[in-house]
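The sequence lines fix the lettering, A, B, ..., with proteins before strands; numbering per chain opens at 1.
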There are 2 protein chains.
Amino acid sequence: MEYSHKLIIDNISRFIDLTELEKQKYISLLTEIKVNKKTYLMQAGDITKYEYFITKGCLKVYTLDVDGTPHISMFAVEDYWTGDIASFITKQPSRYFIRATEDSELLGISRANYDLLFQEIPKFERFYRMLYQRSLISYIRRSNHGISLTAEERYIEFKKKYPNIVNRITQKDLAGYIGITPEFMSKIISKINRL
Amino acid sequence: MEYSHKLIIDNISRFIDLTELEKQKYISLLTEIKVNKKTYLMQAGDITKYEYFITKGCLKVYTLDVDGTPHISMFAVEDYWTGDIASFITKQPSRYFIRATEDSELLGISRANYDLLFQEIPKFERFYRMLYQRSLISYIRRSNHGISLTAEERYIEFKKKYPNIVNRITQKDLAGYIGITPEFMSKIISKINRL
DNA sequence: TAAAAGTCTTAAACTAGTTCATTTTTTTTC
DNA sequence: GAAAAAAAATGAACTAGTTTAAGACTTTTA
């Protein structure tokens, strides 16, 4: 089996067991996608065509506010799922941009194939139930941190939770994720280094 | 059928169709719970025993930070699901309190019955997939608002999204949800009223 | 129904985080 | 590998939101 297919099957197998036939069927529903560094996987206004699984590289998911300031919703690296679930489900235009910060490779499942998947292999209901459950837990935590922690605390949390991502992204993008300006991010880091 | 049971079955029927037998089976897995105003449904340190559906009343879900300041994660009224999904799933102690702000009635599903449910009526995988998907969409949005909107904008958003909840909660609790002090909440409201 | 407890308002002094402007350092591109 | 572009650092002036404190208003409780 191809490396990227092994990666996605391993990811799914953490939650459900698939027969060889089911694995093949599932893989047949996927689309391979490559995006070069600095190019867009999707842009605000698009109706999201796929949910993505990253097999190589790094991407950022973000919105632009009225001032044009980017606010980063998530970073996605190998073995992560990403996309804009709201636009994917409702088929309404997205408010998000997804841009590669490294040359990246992804597997996408289209909305039509996503719907088909549940008919063909109902076990995937369980997989997505568990995947969404986990995402939900981490977004609940993140939204609580947003209202209860200082910027410095959120930075420390991020480093603790995503040690493997910190070194792959710019300080500026991290500021956009934490919810502060790059200048203040710089101050926080220099303060921590001074101690 | 009892009113509370009708309410929960209607809620579920938005996503999946159940036979009469399945409805009865499902209802048999539920526990009825009443909590008086100002009393706790659960407290930090508890391992969450149930996921709850509210049939009457209003509750707040919150944490206390190191200073003892409450940060409100959600308000739950009739036809809402609540609990601490992280503690429920991982069986680790919760960091949340859930307290009734009105005399309330709930239906709870225990962890054991939740697991049993998927064996007995696999269709519920789909129901929870869709329930979590919706919650996820709204928490993604909330965590983005936390990092990109001002307190005043978050207040306006809240009123727009939950017009039926605003009048049932105190300004102080709303401040705890928005992520600001009650004093600043008061300023925002008096500023808006002045305009 | 009076007392107690909690909520809301206002204001002054404060602090976390922003804005704007400039310089240095690093990365990208040709 | 030089030039251009982007990221990072620093600092001064600013603003959104906090803290503390005190008084008025409302709700709860005995």
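For the pair B/Leu174 CG and C/dC8 C1', the computed distance is 13 Å after rounding to whole Å. When rounded to the nearest whole Å, the span between NZ of B/Lys37 and C1' of C/dA5 equals 13 Å. Spacing between atom CZ of A/Arg168 and atom P of C/dT27 amounts to 16 Å, rounded to whole angstrom units. In this structure, CG of A/Asp67 is placed 12 Å from P of C/dT18, rounded to the nearest angstrom. Taking atom CD1 on B/Ile180 and atom C1' on C/dT7, their separation rounds to 15 Å, with Å as the unit. Here the C1' atom of nucleotide C/dT27 and the CG atom of A/Asn167 are 17 Å apart, to the nearest Å. Atoms CG (B/Asp173) and P (C/dG6) sit 13 Å apart, rounded to a whole Å. Taking atom CD1 of B/Ile147 as the reference point, atom P of C/dT18 lies 11 Å away to the nearest angstrom.
Between A/Asp103 and A/Lys37, no side-chain nitrogen of the basic residue sits less than 4.0 Å from a carboxylate oxygen of the acidic one, so the salt-bridge criterion is not met. In summary, A/Glu157 and A/Arg142 do not engage in a salt bridge, as defined by a charged side-chain N under 4.0 Å from a carboxylate O. Look at B/Asp79 and B/Arg14 and you find a salt bridge, because one of the NZ, NE, NH1 or NH2 atoms lies within 4.0 Å of a carboxylate O, short of that distance.
The closest donor-acceptor contact from the side chain of B/Arg99 to the backbone of B/Lys38 lies under 3.5 Å. Side-chain atoms of A/Arg111 never come within 3.5 Å of backbone atoms of A/Lys49 as a donor-acceptor pair (strictly under, hydrogens ignored).
Of the candidate nucleotides C/dA12, C/dT18, C/dC8, C/dC8 has the atom nearest to the side chain of B/Gln171. In the set C/dC8, C/dA12, C/dT18, the nucleotide with an atom closest to the side chain of B/Ser186 is C/dC8.
Using a 3.5 Å distance cut-off with no hydrogens or angles, the side chains of A/His71 and B/Asn144 do not pair a donor with an acceptor. With hydrogens and angles left out, the side-chain atoms of A/Ser87 and A/Ser94 include no donor and acceptor closer than 3.5 Å.
Partner B/Phe124 forms a ring-ring contact (aromatic ring centres under 6.0 Å, His included) with one of B/Tyr26, B/Phe118, B/Phe15 and no other, that one being B/Tyr26.
Fit an axis to the five pairs at each end of the helix from C/dT1-D/dA30 to C/dC30-D/dG1 and the two axes sit 70° apart, to the nearest 10 degrees.
A residue-by-residue look at B/Ile188 and A/Pro182 shows that A/Pro182 has its nearest nucleotide of DNA chain D further toward the 5' end. When each of A/Glu183 and A/Ala151 is assigned the nucleotide of DNA chain C bearing its nearest heavy atom, the one mapping closer to the 5' terminus is A/Ala151.
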Quiz prompt | Worked check of salt bridge (charged side-chain N to carboxylate O under 4.0 Å, His left out) between A/Asp10 and A/Lys6 | solution = CA-CA 6 Å; A/Asp10 283 353; A/Lys6 182 177 171 353; 2.7 Å; yes
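Considering only side-chain N and O atoms, A/Thr181 lies under 4.0 angstrom from the phosphate OP1 or OP2 of C/dT18.
When DNA chain D is scanned 5' to 3' for any atom under 4.0 Å from a heavy atom of chain B, the first and last hits are D/dG17 to D/dT28.
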